[in-house]
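Notes to accompany the following structure.
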2 protein chains.
Amino acid sequence: MIDEGVSLGEARDEFVTQWGIMGAQWGINRTMAQIHALLMTAPDVMSTDEVMETLEISRGNAHTNLKDLVSWGLIRIVTKKGERKEFFEAEKDVWEIFRRVARERKRREIEPALETLRNCKAASEGMKSPEGRAFHEQMDQLEDFVSFASRMGDRVASMQHGKAIKLAMKFFS
Amino acid sequence: MIDEGVSLGEARDEFVTQWGIMGAQWGINRTMAQIHALLMTAPDVMSTDEVMETLEISRGNAHTNLKDLVSWGLIRIVTKKGERKEFFEAEKDVWEIFRRVARERKRREIEPALETLRNCKAASEGMKSPEGRAFHEQMDQLEDFVSFASRMGDRVASMQHGKAIKLAMKFFS
DNA sequence: ATCTGCTTCCAGTATTTACTGAAAGTTCAT
DNA sequence: ATGAACTTTCAGTAAATACTGGAAGCAGAT
């Protein structure tokens with residue numbers, strides 16, 4: 001196919017763009033999502049400069065977002081022998097990506113939320129007025145739900161792919 | 001308890017503030033999340049003016065976000081007989097809240113993402129180069145995963161609370 | 001037809017968030 | 001110790017997003 005290179009490039013661009021939009025909707029910075037998409041579909045590791053060129057972004061921007069992706073565990077730094085430059089490569093296994101995102105969001109967002117719910121619950125403990133009791137009850141239910149969901153997340157995230165599939169099958173039975 | 005009113009107010013403020021921050025991290029506008037928190041913990045229905053006053057926001061802002069919450073199915077409009085004003089009340093059942101958020105996010109965000117993945121998959125169908133094949137394979141895996149997760153979401157969201165709990169118990173067995 | 005009480009829209013503005021580019025920092029080779 | 005190759009930081013700026021307040025729209029009462 002004479003233009004496979006071109007059309008592959010186009011498909012990849014499309015993917016990068018859309019992954020960026022999607023990330024933004026989920027509270028992830030667009031550039032970070034784009035770099036992630038780029039690396040997920042890169043046939044080989046990429047340097048900061050290659051990322052900069054491809055997405056037409058500044059060094060600072062590329063650097064910040066690459067480091068963030070590393071801290072999320074979604075990409076890793078690779079060094080080539082004889083070269084001082086750092087290269088990056090993305091985790092490509094979809095289940096592994098899911099697990100890492102789940103783990104990080106839990107740590108960064110769920111845990112603090114639970115903390116707040118527990119505070120609000122404690123602050124309204126033992127109130128006698130109907131309003132106070134209703135508030136306490138609402139906090140209690142939210143806390144229950146969120147901590148339950150959090151434990152579910154842990155459980156799923158700690159599973160191997162195969163086991164998760166099996167369980168899901170049971171779920172659909 | 002002589003200051004129960006005050007401390008309840010404080011606890012509620014804390015909850016509203018933190019729910020707002022949390023919402024923002026999940027890609028939901030802060031004010032929208034705050035109004036939601038406010039109504040979830042309101043002992044009674046509230047009017048637009050009450051919301052405006054409590055959160056110290058403009059009419060336009062309150063209006064937009066109240067309507068958005070209605071479109072998410074998280075609050076509903078209530079009218080009192082003899083009054084022309086609209087009042088709002090929040091869904092308070094945690095499971096129901098979860099179901100509605102899941103359903104909307106699926107519709108608004110997952111479906112379009114799947115669409116893109118399918119496009120990219122189709123665009124790289126039958127490519128011969130290793131890069132093309134790798135890309136196609138990656139899109140395929142992502143599409144599988146996302147559509148699977150989406151079906152799981154449907155399944156859970158269509159369950160009654162009691163049944164979900166039972167299933168979850170089985171899950172932890 | 002006009003007024004009143006309320007809802008909706010939207011142009012302009014403020015706030016937040018993201019990005020740039022240049023300078024400073026680091027590390028290793030010589 | 002100097003310099004080359006690369007990474008990191010950050011003040012300033014640009015872009016995106018959210019908010020305000022007034023004006024327009026709408027519907028029921030008079």
Side-chain angles (χ1 to χ4, degrees), chain A residues 16-39 45-72 74-89 108-109, chain B residues 16-39 45-72 74-89 108-109:
Chain A
V16 168
T17 304
Q18 294 299 322
W19 200 251
I21 292 169
M22 208 186 133
Q25 284 171 328
W26 287 83
I28 286 150
N29 151 330
R30 179 164 50 248
T31 304
M32 179 167 152
Q34 285 179 345
I35 297 179
H36 184 225
L38 189 67
L39 284 168
V45 298
M46 293 181 80
S47 65
T48 302
D49 293 74
E50 285 170 324
V51 171
M52 286 168 61
E53 267 180 50
T54 317
L55 299 179
E56 302 183 50
I57 58 178
S58 71
R59 183 171 302 284
N61 195 11
H63 174 76
T64 308
N65 286 295
L66 283 165
K67 289 293 129 122
D68 280 356
L69 281 165
V70 170
S71 86
W72 275 76
L74 294 173
I75 67 174
R76 69 182 134 273
I77 299 170
V78 178
T79 47
K80 295 186 182 176
K81 15 185 180 177
E83 293 223 46
R84 285 162 69 178
K85 211 184 297 205
E86 290 184 336
F87 294 86
F88 301 90
E89 100 188 328
R108 297 174 193 225
E109 289 141 24
Chain B
V16 168
T17 304
Q18 294 298 322
W19 200 251
I21 291 168
M22 208 187 133
Q25 285 173 327
W26 287 83
I28 286 150
N29 150 329
R30 180 167 46 252
T31 304
M32 179 168 154
Q34 285 178 345
I35 297 179
H36 184 225
L38 190 67
L39 284 167
V45 299
M46 292 181 79
S47 66
T48 303
D49 293 74
E50 286 169 323
V51 171
M52 286 167 62
E53 268 179 48
T54 317
L55 299 179
E56 303 182 48
I57 58 176
S58 72
R59 184 171 303 281
N61 194 10
H63 176 258
T64 308
N65 286 296
L66 282 164
K67 289 294 130 124
D68 280 357
L69 281 164
V70 170
S71 86
W72 276 75
L74 294 173
I75 66 174
R76 67 181 134 273
I77 300 171
V78 178
T79 46
K80 294 187 184 177
K81 14 184 180 180
E83 294 223 45
R84 285 162 67 177
K85 212 184 297 205
E86 290 183 336
F87 295 86
F88 301 90
E89 103 188 327
R108 297 174 193 226
E109 288 141 24

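In what follows, chains carry the letters A, B, and so on, assigned in the order in which the sequence lines appear, proteins first and then strands, with residues in each chain numbered from 1.
Here CG of A/L69 is found 11.0 Å from OG1 of A/T64. Values are rounded to the nearest 0.5 Å. How far NE2 of B/H63 is from CG of B/D68: 10.0 Å, rounded to the nearest 0.5 Å. One distance of note links NE2 of A/H36 with CH2 of A/W72; it measures 11.0 Å at 0.5 Å rounding. Here B/W26 contributes atom CH2 and A/I28 contributes atom CD1; the two are 9.0 Å apart, rounded to the nearest 0.5 Å. One finds the CD1 atom of B/I35 at 6.5 Å from the CG atom of B/N61 (value rounded to the nearest 0.5 Å). Note that NZ of B/K81 is 10.5 Å distant from OG1 of B/T79, once rounded to the nearest 0.5 Å.
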Detail all sub-3.5 Å separations between protein N/O atoms and N/O atoms belonging to nucleotides 26-30 of chain C.
residue : atom : partner : partner atom : Å
C/dT27  : O2   : A/R84   : NH2          : 2.5

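OP1 or OP2 of C/dT8 lies within a sub-4.0 Å distance of a side-chain N or O belonging to B/K67. Residue B/H63 places at least one side-chain N or O under 4.0 Å from the OP1 or OP2 atom of C/dT8.
Within the 4.5 Å cutoff, the side chain of B/L55 has heavy atoms near those of the B/V16 side chain.
Across the protein-nucleic acid pair, A/L66 atom CG and C/dC19 atom C1' stand 14 Å apart, rounded to whole Å. Taking atom CD1 of residue B/I28 and atom P of nucleotide D/dT17, one finds them 15 Å apart after rounding to whole Å. If you take CG of A/D68 and P of C/dC19, they are 11 Å apart, rounded to a whole angstrom. In this entry the distance linking NZ of B/K80 with C1' of C/dC6 reads 15 Å, nearest Å. Across the protein-nucleic acid pair, A/I77 atom CD1 and D/dC6 atom P stand 15 Å apart, rounded to whole Å.
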> Along nucleotides 19-25 of chain D, 5' to 3', which nucleotides get a B, which get an S, and which get a -, given that the test is a protein heavy-atom distance under 4.0 Å?
Replying inline: SBB----
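The stretch residues 45-55 of chain A does not touch DNA chain D, since none of its heavy atoms comes less than 4.0 Å from the strand. Of the residues in residues 16-26 of chain B, not one places a heavy atom less than 4.0 Å from an atom of DNA chain D.
Residues that satisfy the salt bridge (charged side-chain N to carboxylate O under 4.0 Å, His left out) test with B/E86, not counting sequence neighbours, are B/K67. Remark: B/T48 engages B/M52, B/R59, B/A62, B/L66, B/F88 in a side-chain contact (heavy atoms from CB on, under 4.5 Å) (not counting sequence neighbours).
The two residues A/G23 and A/A33 come nearest to each other via the heavy atoms CA-CB, 4.1 Å. The shortest heavy-atom contact between B/Q34 and B/G20 is CG-CA, 3.9 Å.
A/E53 places no side-chain N or O within donor-acceptor distance of the main-chain N or O of A/E50, the cut-off being under 3.5 Å.
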